[in-house]
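The shown structure was predicted, so the numbers you read here are calculated from the model rather than taken from an experiment.
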Amino acid sequence: MNLVHPIDDPTAPRNRRQSCLRAVGITVLVLLALTDVVIASFGSSALWPLFVVLPLGLAAVLWPAARQPAWLTPQLRTAVPAGVSLVVTAVAAPTGRMEEFGPGESAILLCLLLVAVRGCPPRWVVACSVLDGVAVVVLPLRMIRGSLDDNSTAGMTGVVLVLVLLVAVMAGLGGYLRVLDHRRGVAVTETRRSERLAMAADLHDFVAHHVTGILVQTQMARMMAVTEPENLDPVLAGIQNAATEALSSMRRTVGILREGPQDLTGPEPADRHPAADLTSLADLVGGFGGFVGPKAVLHRDPSVPADLPHEVQAAAHRVVQEALTNVRRHAADATEVAVGLTYEDGMLRVLVRDDGRGGTQMPHAARGGGFGIVGLTERVTALGGELRTGPRPDTGWEVMALLPTVGPGARRLTL
């Protein structure tokens, strides 16, 4: 899921670039593999080892991650092709049935080395990495034809040194990417943890609001019991509704917290403002543009109830707040921002649209870390809602959030 503009999403800005790079990588690997076949065809080597090693290696490297079965673990992907390559080198080469090696097999094994260092579990990363690295370095042994003269030895030594250098480079790159993955995982976990702590703070505000109402109405009921006993029923009904809302808020919020990490120790989040609601959206939207910047307009349909659950109102407020923030960050050329609230079939729909082209942006240091979407998605999906974004048909971007207000069984609107 993205939020308003793809630059704020940690994954969306790289989608097209990654697709292009993947297409180029696939083309290069296939061409290098065909080069191996051509080299073996013009030489005296047997072709059957290549038709075993190359398809197996290409499948291990190019199999899409989204379609990999559970049994195809990173250690299996990286170890099996390397093991087969080592067997071919140890058996076929000394017998003279395979006296050449091309760039395709070495490139595939180097890619598998990168996968092993980056993706294998800690207890397997060393073994799989060493296996892939050794399989690459020993490839020149296939060129041995009986006794070697000085020129042949020097040439083989040079090839081995180049392969060792490539192995070191790929291992270093894999380690660097592994560190980046770890840091991002920690950042996402901390963002989700902070969001859940914010939900816990919201729980206090929700329950305190209802309990205060119960207390006031109870005091009123005690006085009316003596002076106006015939008018007690509306007051008691209000107490019942407030108690029901308090229990509902507590049950839903605690349920959300139980689904997340259990370790909630550590410092409190810096932002622990009271939960906002729909009534404060007018001030939020009205104060968005100020003297400079795009004008924001709020359109609230009369069908939107005023007594929606506090969790839903807080989530809607957060969606609008984050969307407006990203318009300011990434679409400063926008001239108008429209914020809409509609209600249908127990679903609150929040829609934020802008007409910016994304041509003027704030400096990179002011764009944020790209993790606002993580916390917001955590809140919306935890309530059973949906968050979708995309470009508008003419120009600009829009974000739409659907929030159920009558329970998980509510029928969803069609986007």
Side-chain angles (χ1 to χ4, degrees), residues 22 25-65 67-145 156 159-171 173-175 177-178:
R22 179 174 176 81
I26 292 174
T27 303
V28 171
L29 282 179
V30 172
L31 291 177
L32 291 177
L34 292 177
T35 302
D36 285 12
V37 176
V38 172
I39 293 175
S41 300
F42 284 96
S44 57
S45 297
L47 292 178
W48 67 264
L50 292 179
F51 290 121
V52 175
V53 177
L54 294 181
L56 186 61
L58 287 174
V61 174
L62 303 180
W63 200 321
R67 300 180 181 179
Q68 291 176 6
W71 56 266
L72 190 58
T73 59
Q75 53 268 33
L76 189 63
R77 288 178 57 197
T78 56
V80 172
V84 173
S85 178
L86 284 173
V87 170
V88 171
T89 301
V91 176
T95 61
R97 286 179 288 180
M98 192 171 186
E99 298 178 350
E100 293 92 7
F101 78 97
E105 185 175 352
S106 56
I108 291 172
L109 292 175
L110 287 172
C111 292
L112 292 176
L113 173 61
L114 176 65
V115 174
V117 176
R118 183 181 184 181
C120 283
R123 63 177 181 175
W124 287 97
V125 63
V126 174
C128 294
S129 302
V130 170
L131 188 62
D132 287 306
V134 171
V136 174
V137 174
V138 301
L139 284 177
L141 295 179
R142 298 179 183 177
M143 296 188 301
I144 297 178
R145 299 179 180 88
M156 180 177 294
V159 174
V160 171
L161 290 177
V162 171
L163 292 177
V164 169
L165 178 61
L166 291 176
V167 167
V169 170
M170 295 301 287
L173 178 60
L177 294 177
R178 189 182 185 98

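The shortest heavy-atom contact between Cys128 and Thr78 is CB-OG1, 3.6 Å. Considering every non-hydrogen atom in both Pro140 and Val160, the closest pair reads CG-CG2, 3.7 Å. Annotation for Leu72 and Trp63: closest pair CD2-CE3, 3.5 Å, computed over non-hydrogen atoms. Across Ala82 and Ala135, no two heavy atoms sit closer than the pair O-CB, 3.8 Å. Taking each heavy atom of Leu56 and Pro81 in turn, the nearest pair found is CD2-CA, 4.0 Å.
The shortest side-chain heavy-atom distance between Val137 and Val167 falls under the 4.5 Å cut-off. A heavy-atom distance below 4.5 Å is not found between the side chains of Pro74 and Gln68.
Applying the salt bridge (Lys or Arg N to Asp or Glu O under 4.0 Å) rule to pairs touching residues 48-63 yields nothing, sequence neighbours excluded.
Val138 pairs by the side-chain contact (heavy atoms from CB on, under 4.5 Å) definition with Leu86, Thr89, Val134, Leu141, not counting sequence neighbours. With sequence neighbours left out, Arg77 forms a side chain to side chain donor-acceptor pair (under 3.5 Å) with no residue at all.
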Got a list of side-chain donor-acceptor pairs under 3.5 Å for residues 30-40, not counting sequence neighbours?
residue	atom	partner	partner atom	Å
Thr35	OG1	Leu31	O	2.8
Asp36	OD1	Gly104	N	2.8
Asp36	OD2	Gly104	N	3.3
Asp36	OD2	Glu105	N	2.8

Please tabulate, for side-chain N and O atoms in residues 106-126, each donor-acceptor pair with protein atoms closer than 3.5 Å (sequence neighbours left out).
residue	atom	partner	partner atom	Å
Ser106	OG	Pro103	O	2.9
Arg118	NE	Asp181	OD2	2.7
Arg118	NH2	Asp181	OD1	3.2
Arg118	NH2	Asp181	OD2	3.4

side-chain contact (heavy atoms from CB on, under 4.5 Å) assessment of Val88 paired with Val52: CA-CA 9 Å; Val88 171; Val52 175; 5.8 Å; no
